[in-house]
Amino acid sequence: MTLAPSTVVPMTDGTAADAAIAQAWDAGAEDALERAYRRWSPLVHGLAARAVGPTEAEDVTQQVFLSAWRRRETYDPAQGPLGAWLVGITRRAVADLLRQRHRTAEVPSTLHDGTAPEGVLHDADRDDLLALYEELERIGDPPRQILLLAYVHDRTQKEIAELLDLPLGTVKTQTTRTLARLRTRMGGAR
Amino acid sequence: MNDELEEARLREDRVGVLLRRAGVVEQPPPPHVWEAVVEGVRAESEVTRLRPRSQTSAPPSAARPSRWPLLLAAAAVGALVTWAGVELADRPDSGLVLASGSLAPLVPSAPAGSAEVVEVDGQQRLRVTLDEAPEPGEGYLEVWLLRPDVSGLVTLGVLEGTSGDFLLPPGLDLGEYPLVDISVERVDGDPGHGGDSLVRGEVG
């Protein structure tokens, strides 16, 4: 069984590193914005790209980190990990942009036919996907990793158990439990 | 327990379907996005906050959102409120000052200045005074009021020289549009903000 090193981050290191960034952020450290950006901008940007397309994803990413930094004092570590907070801000930025698009679409001079560029999700799925990732960031590893390995990287439960060095029973239980929890987070825009 | 059946059941789950369809989500943004973030943070820290001298007729709402940096001005402007701005050349009465504060340059070549909301003959006006006349090149200077998040803006009119009075549209809430912005615009038929802000400050 081989797996590209990029697909699995050693969970303890990752979680501890994330917590350290969140701590720096909470303390208002000068380099906290850069560290948070380095850690979460691929996720924020990638989610935005899925939701609104590549061009506006850059605007959204920029907006999310500026907005997050501006109201950094409102981040409360007790309410959840920094990653979840940032994805939550991304979700709202995307929702605002889509609302705005809908408004401007009524202007007759707008010639776009509304077809989504390739790789961009349809309306019904956009918010659900962002909601899923927000919750996955909140849940953290290993459940997050288990779900992503199962559905994004197409691994069987048995393979995941081996990869993460967890008992098969644990993988199964966590998959079921996490799925149930994620399900409750969906269904906004259907 | 039939593992294959269980796997199949899990695959049908909408959560799984969605995660699968989206694939690997992480996608690093190009370097200029980070540069823009840095620029935004820097610009924001330079924006001078204006303090109202007395209560205006339109008090800021309690839940006022925080200010939004200038670099987003060019992008994603939502509701553009167009209003025929009138520069009032005559100034028989300097009026009662309702709010005031300073304007800070956003680019090195731009001057500093001040802005006041004055009431003259029952009408509210924005009075802008710059230390020097900016050089608009081939364009002209336009005065705007912005929402803090630049989700909307109202044009007040064209500024020539170092100062001007601009009638505030009746019903305009300065709490909603507290940022004074002076930009360089071109005569290109586009009524929107061109993104070249020279000076900015908060009033209202």
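Naming: A, B, ... by sequence-line order, numbering from 1 per chain.
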Can B:W34 and A:E34 be said to form a side chain to side chain contact (heavy atoms under 4.5 Å, CB included), step by step? CA-CA 9 Å; B:W34 170 244; A:E34 190 174 353; 3.7 Å; yes
Evaluate B:V24 against A:H153 for side chain to side chain contact (heavy atoms under 4.5 Å, CB included), listing each step before the verdict. CA-CA 8 Å; B:V24 177; A:H153 299 283; 3.9 Å; yes
Show the numbers, then the answer: is there a side chain to side chain contact (heavy atoms under 4.5 Å, CB included) between B:V15 and A:Y151? CA-CA 9 Å; B:V15 172; A:Y151 294 107; 5.8 Å; no
Please determine whether side chain to side chain contact (heavy atoms under 4.5 Å, CB included) holds for the pair A:Y37 and B:V33, giving the CA-CA distance in whole Å, both sets of side-chain angles, and the decisive distance to 0.1 Å. CA-CA 10 Å; A:Y37 184 89; B:V33 176; 3.4 Å; yes
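Separation of atoms CZ (A:R50) and CZ (B:R21) is listed at 11.5 Å; rounding is to 0.5 Å. Taking CG from B:L18 and CG from A:D128, the interatomic distance works out to 6.0 Å, rounded to the nearest 0.5 Å. With values rounded to the nearest 0.5 angstrom, A:L182 atom CG is found 12.0 Å from B:R14 atom CZ.
Remark: the backbone N or O of A:V152 is not paired with any side-chain donor or acceptor of B:R20 at under 3.5 angstrom.
In this structure, B:L19 and A:Y133 have side chains that are in contact, with non-hydrogen atoms separated by less than 4.5 Å.
A pairwise comparison of heavy atoms in B:G40 and A:L66 identifies C-CD2, 3.7 Å as the closest pair.
Within 6.0 Å of the CG atom in B:D188, the count of heavy atoms belonging to other residues, nucleotides or ligands exceeds 12.
Contact of A:L33 with chain B is made through backbone and side chain together, with heavy-atom distances under 4.5 Å.
Using a 3.5 Å distance cut-off with no hydrogens or angles, the side chains of A:H45 and B:E26 do not pair a donor with an acceptor.
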